[in-house]
Structure formats: C-alpha cells, structure tokens
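Heads up, the thing below is written out as structure tokens.
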Amino acid sequence: SAGADDCLAVGNVGRAVDKPMKARPLELSTHDGWSACAPPRNGPHLLVEKEGSLMRIEANGRVVRSFGRIGNVPCPLAVDDRRGIAYRYCCEARAGGRDYSELRSFDLIGGRVTKVLSLRLNQWVLWMLAALPKSSSAAGPTLFGLIASDEPSEVGVHIRHQLFFFDAARPPLRLRPLCRDAYHPIALSLKARRMIFSGAEGLHLVGIGGERLAEYRGQEGPRGRGASFIGTKAERAVVGGGGLFLWDFTEGRMEQLTDQGHWPVWDSRRNGVWYSSSSGDLRFYDLATRQAQKILEVTNQRFLDTAHAQPAVLSADGRYLAQTISERRLRGATKHAFGDAGQRDLVFAHDHCLLIADIAQKRFWQLPGQFENVRLLTPNIETKILTD
C-alpha cells in the first residue's frame with residue numbers, strides 16, 4: 001500500500017462461492033466534497049476476515065472464494081504480491097476440536113491452502129507478520145513476525161515474546177529476543193528495518209534484530225494506539241492515542257499535533273496521515289499545512305467509543321482506501337440484581353461496515369457487516385484473478 005511497508009497485514013482448496021453480504025448500511029455525514037456512490041464494476045478486490053473465516057471478495061462484497069476458518073488469535077496477513085500468496089497464523093477455535101498451531105499460505109489465484117510451519121501448542125504468532133522484501137524464493141518469502149510462548153515459571157505461566165524469521169527453503173525457525181518492555185508492535189518499516197512497540201513504561205523504537213534504538217517515557221505523550229513511520233528512512237513517526245503526536249527520533253522530540261486521534265496511517269502521496277477520533281469516523285491530517293480535516297462520520301453520534309476502531313488500509317497505487325466504521329447505539333437498560341433497586345446499566349449494540357473510498361474521486365461505498373484484517377489487493381493480483 002502507499003507507505004504500507006511503513007505501517008503495520010493444508011492441502012485443501014478454497015471453496016468458490018457466490019454469496020452477497022447482507023446488513024444495513026450506516027447513515028454517514030460527509031465533508032469537503034466527499035459523496036457516496038455505488039460500488040464500481042472495476043473496483044479493487046480485497047482480502048478480509050469475516051465471522052472467523054478468511055475470504056477474497058470483490059468491491060461490491062461478493063465472496064469469490066472462502067479459505068476457511070483461521071482461529072481467534074489476532075495476527076495480520078502478510079501478502080507476497082508478486083506470487084499472489086497470503087500468509088497467516090491459524091489455530092483451532094472450536095471447543096473439542098483438534099488442537100493445532102501453524103502458519104499457513106493461501107493461494108489467492110488457485111485457492112490452495114497449505115501448511116507452511118507447525119508450531120508447538122504453547123506457541124502462537126500474534127500482532128505482527130510480514131514478508132521481507134526481495135527475499136522470495138521458490139519456497140516463498142522469508143516471513144518475519146512476533147511469536148509468543150507459554151513458559152512455566154516460579155509464579156505460574158510466563159508469556160515470552162520473541163521476534164522470528166522463517167524461510168521455508170532454509171528451516172528451522174530463527175528466534176531473536178526483544179528488549180525489555182517491548183510488548184505490543186504498532187508500526188513496522190521493513191525498508192528502514194525499524195519497529196515501534198508500546199509497553200507499560202512507554203514507547204520504544206526497536207531494530208529488526210530486537211535491539212532498542214530510542215524510547216519515549218513522557219507522561220503527557222501518546223498512549224500508543226497505532227503509529228506510522230514517515231518516509232523511507234523512517235526518522236520520524238506519527239503516533240496515536242489521546243491525540244496525534246509527531247515523534248522525531250533524531251532530535252528526541254515529541255510534538256502534539258491534534259487533541260484527538262488514533263491509528264494513523266501515513267500517505268506519502270498526500271504528505272499526511274489518515275486517522276480516526278472514534279470508531280465512527282475518518283479524518284486526514286496534512287503534515288505540510290498542519291491542518292486536520294474531517295472526511296466522514298456516523299450521523300448524529302451520541303455514544304462515541306474507540307473499541308472497534310482499526311487503521312485504514314491503502315492500495316498500492318494510493319487510489320483506494322478501506323476503513324472499518326462502527327456505530328454504537330443504545331439498545332436498552334437492565335436492572336441491577338443486587339444493590340440499589342433503581343440503578344440500571346445501559347446496554348449498547350454496534351452496527352459495522354467496511355468503507356471503501358476512491359480518494360482521487362472523493363467517493364465511497366459501504367459493505368455492511370463486521371470485517372477485520374482487511375487488505376486491498378494489488379492490480380497485478382487482480383489481473384491474475386480475472387483469469388482463474
């Protein structure tokens with residue numbers, strides 16, 4: 001995707017289906033000339049997760065192929081654009097099912113699902129997975145990510161986080177330790193070989209070998225809800241949570257840009273970041289003019305939250321953007337079983353949609369429903385898909 005490398009993504013054959021998505025669209029208010037439209041016939045193809053399964057869909061939401069269930073561990077998709085292969089961690093999510101822990105590949109053109117690596121049952125890949133650039137061989141690219149392991153300790157079970165490299169042509173798995181407090185990765189630049197982690201003690205700039213390069217421990221800084229490197233050298237980054245902040249690693253300075261904002265995604269073609277202030281809106285911050293701009297939002301939002309917000313995804317040519325949008329609405333109230341008889345708890349429900357935008361035309365359309373782990377496929381993969 002545009003700046004995508006700066007952000008943070010078994011033998012059976014995927015089942016071809018023809019099943020439209022059905023749910024209600026959200027009522028959205030637009031700004032700065034943006035407008036709604038019908039899904040274009042030549043719109044982008046997408047990889048998405050919906051209801052626990054990995055799917056390839058068309059721009060109008062038609063499910064072209066289902067690759068089956070992938071489990072409930074949050075792990076992004078790594079896509080080898082040249083070969084049209086996606087990679088993801090998979091595990092059993094059903095009670096009483098056969099337990100397994102493995103990396104799988106998904107052939108986006110042919111539909112084949114293949115086990116790439118079996119892990120121990122006390123290991124799982126989470127939060128970060130990427131294919132290293134210029135590393136692809138006949139066996140596939142070198143995969144890089146974060147692996148967690150349950151290990152016994154004097155006080156019970158200790159969860160250990162490590163970086164890993166895996167080349168199917170040259171096994172086994174290679175593990176590297178992480179610096180202390182580097183817990184949750186929020187940005188990755190493969191070109192600059194840098195990552196940003198959030199932890200209990202602050203933010204950490206980490207090299208691809210696991211070493212700490214810089215850190216920020218300020219009390220008034222960002223909360224680490226997403227980050228995105230700026231430029232190929234990755235000498236600065238925009239960090240979210242409690243507002244947007246510009247972190248300059250060279251000068252060791254953290255500058256606040258906005259009062260609200262999280263999950264920033266750098267757009268090199270427009271010199272700014274796409275971000276959200278809640279689960280129900282999309283905004284853009286222009287780094288040149290230092291201006292924040294509303295794009296769209298759920299109409300008349302009464303109950304704002306950030307629980308379902310996810311970072312936007314950009315297409316390789318920078319033309320399209322995909323963003324999940326959610327509306328939190330009041331469903332009712334329940335009485336307390338104990339305590340004050342007059343006290344009630346509010347009960348909320350959420351409606352979700354996947355918003356796909358043509359940035360150049362300032363137009364968008366919705367795919368109603370809850371989507372996760374969205375990837376916009378590159379045009380060369382789409383060309384191959386048309387012939388399968």
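Using a 4.5 Å cut-off on side-chain heavy atoms (C-beta onward), F229 and L205 make contact. A heavy-atom distance below 4.5 Å is not found between the side chains of F164 and L146.
With hydrophobic clusters built from ILVMFWY side chains whose heavy atoms lie under 4.5 angstrom apart, L121 does not share a cluster with L175.
At least one donor-acceptor pair closer than 3.5 Å links the side chain of R69 to the backbone N or O of E51. Judged by distance alone, with hydrogens and angles left aside, the side-chain atoms of Q260 form no donor-acceptor pair with the main-chain N or O of L244 at under 3.5 Å. Looking at T299, its side chain does come within 3.5 Å of a backbone N or O of S29 through a donor-acceptor pair. R194 places no side-chain N or O within 3.5 Å of a backbone atom of A187 that could act as its donor or acceptor partner. R290 places a side-chain N or O within 3.5 Å of a backbone atom of L287 that can act as its donor or acceptor partner. Side-chain atoms of R225 come within 3.5 Å of backbone N or O of T306 as a donor-acceptor pair. Remark: the backbone N or O of D351 is not paired with any side-chain donor or acceptor of R329 at under 3.5 angstrom. Panel note: side chain S149, backbone E151; no donor-acceptor pair is recorded below 3.5 Å. The backbone N or O of Q123 sits less than 3.5 Å from a side-chain atom of S101, completing a donor-acceptor pair. At distances below 3.5 Å, at least one donor-acceptor pair connects side-chain atoms of R270 with backbone N or O atoms of G318.
Residues meeting the salt bridge (charged side-chain N to carboxylate O under 4.0 Å, His left out) test with R223, sequence neighbours left out: none. In this view, F106 and F67 satisfy the ring-ring contact (aromatic ring centres under 6.0 Å, His included) rule, not counting sequence neighbours. The salt bridge (charged side-chain N to carboxylate O under 4.0 Å, His left out) check on E251 picks up R253, with sequence neighbours excluded. Partners of A95 under the side-chain contact (heavy atoms from CB on, under 4.5 Å) rule, at least two apart in sequence or in another chain, do not exist in this structure. Partners of W263 under the ring-ring contact (aromatic ring centres under 6.0 Å, His included) rule, at least two apart in sequence or in another chain, do not exist in this structure. For A200, the side-chain contact (heavy atoms from CB on, under 4.5 Å) test picks out D181, with sequence neighbours left out. When the ring-ring contact (aromatic ring centres under 6.0 Å, His included) test is applied to F165, the partners found at least two apart in sequence or on another chain are F144.
Across L321, I295, L355, I356, a single residue satisfies side-chain contact (heavy atoms from CB on, under 4.5 Å) together with F364, and that is L355.
No hydrogens or angles considered: nothing links the side chains of N60 and R62 as a donor-acceptor pair under 3.5 Å.
Put simply, CZ on R319 and CZ on R269 are 12.5 Å apart, with the number rounded to the nearest 0.5 Å. Between the CG atom of L173 and the CG atom of L103 there is a distance of 8.0 Å, given to the nearest 0.5 Å. Atom CD1 of I230 is separated from atom CH2 of W266 by 5.0 Å, given to the nearest 0.5 angstrom.
Listed by first then second residue, pairs satisfying salt bridge (charged side-chain N to carboxylate O under 4.0 Å, His left out) with a partner in residues 198-208 read R180-E201, E201-R217, not counting sequence neighbours. Residue pairs meeting the salt bridge (charged side-chain N to carboxylate O under 4.0 Å, His left out) criterion with at least one member in residues 359-374, sequence neighbours excluded, are D32-K362. For the ring pair (Phe, Tyr, Trp, His ring centres under 6.0 Å) condition, the pairs that include at least one residue of residues 286-308, sequence neighbours left out, are F303-F348, H308-H350, H308-H352. The ring pair (Phe, Tyr, Trp, His ring centres under 6.0 Å) pairs that include a residue from residues 175-195 are W127-Y183, W127-H184, H161-Y183, where partners are two or more places apart or lie in different chains. Counting only residues at least two apart or on different chains, the salt bridge (charged side-chain N to carboxylate O under 4.0 Å, His left out) pairs with a member in residues 272-284 are D281-R283.
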